[in-house]
Amino acid sequence: MTFTQNFTAVGDNLALSAIVAVIPILYFFWALAIKRMRGHVAGITTLLLALLLSVIAFNMPIGMSMMSASQGIVYGLLPIGWIIVTSVLLYKLTVKSGQFSIIRNFILSITEDRRLQALLVAFSFGAFLEGAAGFGAPVAISAALLVGLGFNPLYAAGICLLANTAPVAFGAIGIPITAVEGPTGIPALEISKMVGRQLPFISVFIPFYLVIIMAGFKRIWEVLPAILVSGISFAFTQYLSSNFLGPELPDILSALVSLFALVIFLKFWKPKKIFLFKGDAETAAASAEQEKTPESTYTAGEIFHAWSPFLVLTAFISLWGIPTVKLALSGYYEGTNIILKGLNKLGELLTFMPEVPLLHNKIINGASEEVAAIYKIEMLGAAGTAILFACIVTKYIARLSWREVYETSKETLQELKFPILTISSVVGFAYVTNASGMSTMLGMTLAKTGALFPFFSPVLGWLGVFITGSDTSANLLFGNLQKITAISVGMDPVLAISANSSGGVTGKMISPQSIAVACAAVGLAGKESELLRFTLKHSIFLLLLVCIITFLQNNVLSWMIP
């Protein structure tokens, strides 16, 4: 039995079908933002609603609908859930060993100002993790670090989600851009160049925006030099690397340049007024005492030792991100290198790619193509496994016993059981909407905006990332639709595809998966509604900026298109 996606399933009308298709999304917003349901309850009920509509309104066979949900649930467990578990475990191990207190004091020795700490950890370090690992690792680890520094957990999660806007389009070694080359036929370098002429405007703005949110507009002037150093160094490097090197390295290079530039700058410049949160009196007193003997509490060796778990993490996720190594870890390497061939054999044993029953090649999409459906289970090649190896090395670095590691792992799993359930259910919802054609239907409706399409083009990416939780998935979902629509309305297809990716980054902070990941990382399971209420308005505002940039580049600044 096959199922052909029908984009006028309800009353033979695209608009009416789109209204029905948007019901699960509206319900999810209502459940979290208004009803304030716990995340796993909102996720499960949204999945059930999507299943019901896919069968009743869009005539998808119930077996296919259920199996598409199962495919999403598996993907929610691995790689996404696996990354969250190992990331939180790594953080907890550093806390248990006492190493994190040294990291905390080291960052305080650089700056006690909460605004500047957010720029260092959430913006620069988070962007580096996004470039190397992607998925949930950047928000999970950087949010946990901020909580360890004394940030309110909800605030830390929200700040990290906002800061993560700048690097998402080039995340995980440029995969969101390299992946869309296949379905669109447009070279990844051309898309990289165009995204690199859109996102730097957002990247240079994000540090300003973070400080405004944290301290208000009036207090932005107190740290303006540092904001400029952080934002301009990041944006300029992002532009150069994306236009002259390609999509693989912009995040890593921009993050490192921004991080080192700000750290060096703060060695010579300090704000006249230190911004602290309410209740930070003890921190301020401790910092004042530390000023009497600056950086004398710990030696350089002790500081390096404390940071080494995160240096090891960086090494592992960077290694896992190298294309040839990634192929070997997943069992697809065909080269002659002896070490990689050995890894490839192990990767073959630990990679499972079974077809999804009742679903594989049984769905016919709008292009009259069969859609493959495979459970992709890469035990060795998953980014979470790289983080697990970092946890094992950290056990020896921190001189923890195996019993302590076991107890910490047990505690981590206990804390994350509901967040993992939330993640799995919302990813299952995403897969059902994709398989039934609901996502494509919404995209086709937006594509009907005609001459205004250049303005609404980024909204497709925003919608895609909200649904799928991934800029890569959103590009694969809507990339070709962007290209076809752009040609029909006289818009440059490179600009449209790039706008999909750039608009998508603003949807990451409200994606159900991202919300669940952030709450899990800071111990706020069940508080997803509060985090969504915090990020929603910022997501819409930043999306509007990308829409305006795209519209201007299409109509006024067309010389910016490569």
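If you read the sequence from its start, that first residue is 1, and numbering goes on from there. Just so you know, these numbers use all the heavy atoms, side chains as well, and skip hydrogens, waters and symmetry mates.
The two atoms that bring Ala255 and Phe128 nearest to each other are CB-N, 3.3 Å, heavy atoms only. Closest non-hydrogen pair, Ile515 versus Thr535, comes out as CD1-OG1, 3.9 Å. Scanning both residues, Ala516 and Thr422, for their nearest heavy atoms gives CB-CG2, 3.7 Å. Of all heavy-atom pairs between Thr550 and Pro454, the closest is CG2-O, 3.2 Å. A pairwise comparison of heavy atoms in Ala156 and Leu146 identifies CB-CB, 3.8 Å as the closest pair. Across every non-hydrogen atom of Ile510 and Leu536, the tightest pair is CG2-CA, 3.7 Å.
For Leu51, the side chain to side chain contact (heavy atoms under 4.5 Å, CB included) partners two or more places apart in sequence, or in a different chain, are Leu47, Leu48, Ser65, Met66, Ala69, Val432.
By the neighbour-count criterion of 12 heavy atoms within 6.0 Å, atom CH2 of Trp221 is sparsely surrounded, having that number or fewer from other residues, nucleotides or ligands. The environment of NZ in Lys527 is sparse: at most 12 heavy-atom neighbours from other residues, nucleotides or ligands sit within 6.0 Å. Other residues, nucleotides and ligands contribute only 12 or fewer heavy atoms inside 6.0 Å of the CZ atom of Phe236. Sparse packing is recorded around CZ of Phe551, with 12 or fewer heavy atoms of other residues, nucleotides or ligands lying under 6.0 Å away. Lys218 NZ: 12 or fewer foreign heavy atoms inside a 6.0 Å radius.
Once rounded to the nearest 0.5 Å, the distance linking SG of Cys160 with CZ of Phe123 reads 12.5 Å. Atoms OG and CG, from Ser258 and Leu119 in turn, are 8.0 Å apart once rounded to the nearest 0.5 Å. Note: Ser457 OG to Leu495 CG = 7.0 Å, rounded to the nearest 0.5 Å. Taken to the nearest 0.5 Å, the CG atom of Asn164 stands 4.5 Å off from the CD atom of Glu130. Here the CD1 atom belonging to Ile213 is positioned 5.5 Å from the CD1 atom belonging to Ile159, to the nearest 0.5 angstrom. If you take CG on Leu542 and SG on Cys547, they are separated by 11.0 Å, rounding to the nearest 0.5 Å.
Aromatic ring orientation, Tyr209 versus His538: perpendicular (interplanar angle above 60°, classes split at 30° and 60°). Using the six-membered ring where Trp is involved, Phe275 and Phe277 have ring planes that are perpendicular, over 60° apart on the 30 and 60° scheme. Note: Phe541 and Phe205 have tilted aromatic rings, judged against thresholds of 30 and 60 degrees for the angle between ring planes. The aromatic rings of Phe244 and Tyr239 sit perpendicular, their planes meeting at an angle over 60°, well past the 30° parallel limit.
Looking at Phe151 and Arg114, their side chains come closer than 4.5 Å, going by heavy atoms from C-beta outward. Inter-residue side-chain proximity for Lys483 and Ile497 is flagged as met; some heavy-atom pair is nearer than 4.5 Å. You'll find the side chain of Ile420 reaches within 4.5 Å of the side chain of Ser424, heavy atoms only. Side-chain contact between Leu145 and Phe125 is present, with at least one heavy-atom pair separated by less than 4.5 Å. The shortest side-chain heavy-atom distance between Ile364 and Phe3 does not fall under the 4.5 Å cut-off. No side-chain heavy atom of Gln238 sits under 4.5 Å from any side-chain heavy atom of Ile202. Annotation: side chain of Val74 is not in contact with side chain of Leu78 (no heavy-atom distance under 4.5 Å). Proximity of Gln482 to Phe453: side-chain heavy atoms (C-beta onward) are separated by under 4.5 Å at one or more points.
Under the 3.5 Å distance criterion, the side-chain polar atoms of Thr45 are matched with a main-chain donor or acceptor of Ala42. Although no hydrogens or angles enter the test, the distance criterion places a donor-acceptor pair under 3.5 Å between the side chain of Gln5 and the main chain of Ala435. Put simply, the side chain of Gln553 gets close to the backbone of Arg197: a donor and an acceptor are under 3.5 Å apart. Side chain of Ser502 to backbone of Ser498: a donor-acceptor contact under 3.5 angstrom is found.
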Please report the C-alpha distance between Tyr27 and Lys35 in whole Å, then the side-chain angles of each, then the deciding distance to 0.1 Å, and finally whether the side chain to side chain contact (heavy atoms under 4.5 Å, CB included) criterion is met.
CA-CA 10 Å; Tyr27 169 79; Lys35 191 65 175 176; over 6 Å; no
Go through it in stages, so that I can follow the logic: the residues are Ile23 and Leu53, the test is side chain to side chain contact (heavy atoms under 4.5 Å, CB included), and I'd like the CA-CA distance, side-chain angles, deciding distance and then a yes or no.
CA-CA 9 Å; Ile23 288 175; Leu53 289 175; 4.0 Å; yes
When you look at Phe260 and Ser124, which way does the side chain to side chain contact (heavy atoms under 4.5 Å, CB included) test go after all the steps?
CA-CA 9 Å; Phe260 286 120; Ser124 296; over 6 Å; no
Please evaluate residues Leu240 and Leu253 with respect to the criterion side chain to side chain contact (heavy atoms under 4.5 Å, CB included), reporting the C-alpha separation (whole Å), side-chain torsions for both, the decisive distance (0.1 Å), and the verdict.
CA-CA 10 Å; Leu240 290 177; Leu253 293 178; over 6 Å; no
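Salt-bridge check for Glu530 with Arg533: failed, with every basic side-chain N at 4.0 Å or more from each acidic carboxylate O.
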